[in-house]
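Here is the structure we will look at, set down as structure tokens.
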Amino acid sequence: MQVTEAWLEELDGKRIIEHKIVTDAGMEVTTLNYGCTITSIFVPDRHGKSENVVLGFDTVAEYEKHSPYFGSVVGRHAGRIKDGLLTIDGETYKLAQNNLGNHLHGGIKGLDKVVWDVSVTEEDGSISIRYSHVSDHLNEGYPGTVELLVIYTVTNNNEIILTLEGESDRRTVLNLTNHTYFNLSGDLKRTIESHRLTLNSGQFLELDESLIPTGHAMDVEGTVFDFRNGRVIQDGITSEHPQNVLAGNGYDHPFLLEASDGADIVLQDDESGRRLSIETNQPSVVLYTGNALGDDFSIRGRQSGEYLGMCLETQGIPDAINHPQFPTTLVEKGERYKSVTKLRFSTIE
């Protein structure tokens with residue numbers, strides 16, 4: 001394995017650094033310390049042709065101007081928080097209202113827009129890019145000074161292990177995720193509509209008109225939200241289910257994950273033969289199928305548009321602070337938050 005480093009430019013007085021890791025098997029992963037952004041992942045199809053399977057840009061300026069969180073870490077709290085209001089121990093904190101009057105993905109300048117400190121560690125069979133950042137008390141309205149650590153470990157087994165950690169000096173909420181948009185067709189040749197997804201989930205969360213969880217968990221049985229035995233994304237795009245229509249003809253929903261001995265999530269593209277298997281210690285995954293991707297910019301020569309990529313955001317539940325029946329995203333003073341998600345790429349015959 002090898003890793004190379006390049007200095008791109010300066011932002012906020014800090015250098016933006018690009019790292020590229022190439023495995024012995026030929027997988028290539030490129031990241032930036034701007035937002036801990038995964039800019040590209042090259043993996044082979046069933047015929048051995050290596051192509052990029054994520055959405056991203058070639059310049060920092062494009063990320064600043066156009067990116068809908070392509071490949072970045074989002075937080076301090078992923079997903080939406082109703083009305084941008086966070087109440088902890090009787091004190092209410094006003095967060096940025098950056099999405100239809102609600103708070104989304106950490107606010108106006110969330111962790112996706114931070115230039116993180118970065119270092120590299122190498123071990124036998126793996127290379128890790130380690131990003132660190134201190135988010136100050138009341139940054140974007142959140143209580144507590146939080147020391148954050150993000151580690152991307154690339155292995156010779158075509159794996160990327162995403163480890164997201166944090167520790168606060170006071171009680172707060174913390175819910176981080178990586179917001180990569182996947183398209184396994186390779187180099188954006190097709191949309192993700194024919195991708196087949198399998199989820200180990202029997203329930204998804206109902207959303208209201210502003211895409212905030214209502215607090216009601218709905219059974220997937222008999223609906224296009226049932227991915228337990230595999231389902232193509234197109235089913236939800238053409239569905240007349242009120243929740244699909246509400247989300248802009250597709251999915252933008254948290255699914256509650258069930259305990260599993262194997263992969264929690266499997267995504268595959270039958271035409272290219274690429275498969276992505278995901279394991280996580282998080283209680284849910286937000287499936288977003290790119291329903292609202294704009295068409296007013298290009299992605300490496302391909303015009304953007306609906307369904308060009310899809311996200312599988314492993315995380316705590318959005319707006320959990322307002323729904324005590326769901327697993328909490330509160331962390332205590334000095335408690336170590338740790339989210340671990342493993343991506344493994346392979347091929348099918």
Side-chain angles (χ1 to χ4, degrees), residues 31 33 35-38 72-79 81 86-89 91 93 95 103 105-107 110-123 126-155 159-180 254 256-257 259-260 264-265 278-286 312-343:
T31 68
N33 64 328
C36 305
T37 300
I38 297 173
S72 61
V73 163
V74 295
R76 293 187 198 181
H77 202 290
I81 296 177
L86 178 64
T87 300
I88 300 175
D89 297 332
E91 186 169 355
Y93 300 88
L95 310 179
H103 182 78
H105 288 335
L111 300 179
D112 59 297
K113 297 178 179 66
V114 168
V115 181
W116 295 58
D117 296 328
V118 61
S119 63
V120 179
T121 58
E122 299 185 47
E123 298 182 9
S126 70
I127 295 175
S128 295
I129 311 296
R130 300 172 63 90
Y131 297 111
S132 60
H133 172 66
V134 176
S135 181
D136 294 330
H137 177 53
L138 297 182
N139 178 254
E140 290 296 318
Y142 288 97
T145 296
V146 181
E147 296 182 0
L148 296 160
L149 177 65
V150 169
I151 306 171
Y152 294 156
T153 300
V154 181
T155 79
E159 296 170 337
I160 306 172
I161 303 168
L162 313 174
T163 305
L164 317 177
E165 301 185 30
E167 189 171 316
S168 177
D169 66 355
R170 71 181 68 196
R171 200 170 194 231
T172 190
V173 291
L174 201 54
N175 182 31
L176 310 179
T177 192
N178 177 276
H179 206 281
T180 291
L256 305 182
L257 295 173
S260 172
D264 301 291
I265 304 158
I278 301 177
E279 299 175 27
T280 186
N281 69 347
Q282 294 299 286
S284 75
V285 60
V286 174
L312 294 162
E313 306 161 51
T314 54
Q315 61 179 84
I317 293 171
D319 202 38
I321 191 71
N322 293 312
H323 303 286
Q325 70 272 34
F326 296 139
T328 185
T329 53
L330 283 167
V331 293
E332 303 298 328
K333 175 182 177 180
E335 177 187 353
R336 192 72 179 174
Y337 165 92
K338 188 173 183 178
S339 165
V340 181
T341 297
K342 181 167 72 175
L343 315 178

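By convention here, the first residue in the shown sequence is residue 1.
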Rounding to 0.5 Å, atoms NE2 (His137) and CG (Asp169) come to a distance of 8.0 Å
Would you compute the distance between atom CD1 of Ile161 and atom OG1 of Thr155 and round it to the nearest 0.5 angstrom? 6.0 Å
Pairs flagged by salt bridge (charged side-chain N to carboxylate O under 4.0 Å, His left out) wherever residues 319-332 is involved - sequence neighbours left out: Arg171-Glu332
Close side-chain approach of Asn178 and Ile38, heavy atoms under 4.5 Å: yes
Please find the pair of heavy atoms, one from Pro327 and one from Pro283, that lie closest to each other, and give the distance. CG-CB, 4.2 Å
Gap separating the CG atom of Leu86 from the NE2 atom of His77, nearest 0.5 angstrom: 8.0 Å
Would Ile129 and Val118 count as a side chain to side chain contact (heavy atoms under 4.5 Å, CB included) here? Give the steps. CA-CA 7 Å; Ile129 311 296; Val118 61; 3.6 Å; yes
Partner of Ile317 under side chain to side chain contact (heavy atoms under 4.5 Å, CB included), picked from Leu256, Thr329, Asn175, is Leu256
Evaluate the side-chain hydrogen bond (donor to acceptor under 3.5 Å, both in side chains) criterion for residues Thr163 and Tyr152: first the C-alpha distance (whole Å), next the side-chain angles of each, then the deciding distance (0.1 Å), finally the verdict. CA-CA 7 Å; Thr163 305; Tyr152 294 156; over 6 Å; no
Ser168 and Leu174: side chain to side chain contact (heavy atoms under 4.5 Å, CB included), yes or no, with the steps? CA-CA 9 Å; Ser168 177; Leu174 201 54; over 6 Å; no
Report yes if some heavy atom in the side chain of Leu148 is under 4.5 Å from a heavy atom in the side chain of Ser132; otherwise report no. no
Do Val285 and Ile265 have side-chain heavy atoms sitting under 4.5 Å apart? yes
Can the ring centres of His103 and Tyr142 be said to be less than 6.0 Å apart? yes
Should we say atom CD of Gln325 is surrounded by more than 12 heavy atoms from elsewhere, each under 6.0 Å from it? yes
His179: what forms a ring-ring contact (aromatic ring centres under 6.0 Å, His included) with it, not counting sequence neighbours? Tyr69, His105, Tyr181
Determine yes or no for a side-chain-to-main-chain donor-acceptor pair under 3.5 angstrom, with Thr328 supplying the side chain and Leu330 the backbone. yes
Do Ile81 and Leu95 make a side-chain contact, defined as non-hydrogen atoms from C-beta onward lying under 4.5 Å apart? yes
Quick one: pull up OH in Tyr337 and CD in Glu167 and give me the separation to the nearest 0.5 Å. 14.0 Å
Hey, are the side chains of Thr172 and Val331 touching, using non-hydrogen atoms and a 4.5 Å cut-off? yes
Looking only at non-hydrogen atoms, find the nearest pair between Pro318 and Gly79 and report the distance. CB-CA, 4.1 Å
With salt bridge (charged side-chain N to carboxylate O under 4.0 Å, His left out) as the rule and sequence neighbours excluded, what pairs involving residues 133-154 come up? none
I'd like to know if the side chain of Thr314 pairs up with that of Thr341 as donor and acceptor (distance under 3.5 Å, no hydrogens or angles considered). yes
Side chains of Arg76 and Ser135: is there a donor and an acceptor less than 3.5 Å apart? yes
Carefully, step by step, assess Leu343 and Leu162 under the rule side chain to side chain contact (heavy atoms under 4.5 Å, CB included). CA-CA 8 Å; Leu343 315 178; Leu162 313 174; 4.3 Å; yes
Interatomic distance, Ile160 atom CD1 to Ser128 atom OG [nearest 0.5 angstrom]: 11.5 Å
To the nearest 0.5 Å, tell me how far Leu164 CG sits from Gln315 CD. 11.0 Å
Parallel, tilted or perpendicular: which one describes the rings of Trp116 and His133, with boundaries at 30° and 60°? tilted
Would you mind reporting whether Ile321 and Thr87 have side-chain heavy atoms less than 4.5 Å apart? no
Can you check side chain to side chain contact (heavy atoms under 4.5 Å, CB included) on Asp112 and Val73, steps first, answer last? CA-CA 5 Å; Asp112 59 297; Val73 163; over 6 Å; no
Do Tyr131 and Thr31 make a side-chain contact, defined as non-hydrogen atoms from C-beta onward lying under 4.5 Å apart? yes
Side chain proximity check, Val154 to Ser126, heavy atoms < 4.5 angstrom: no
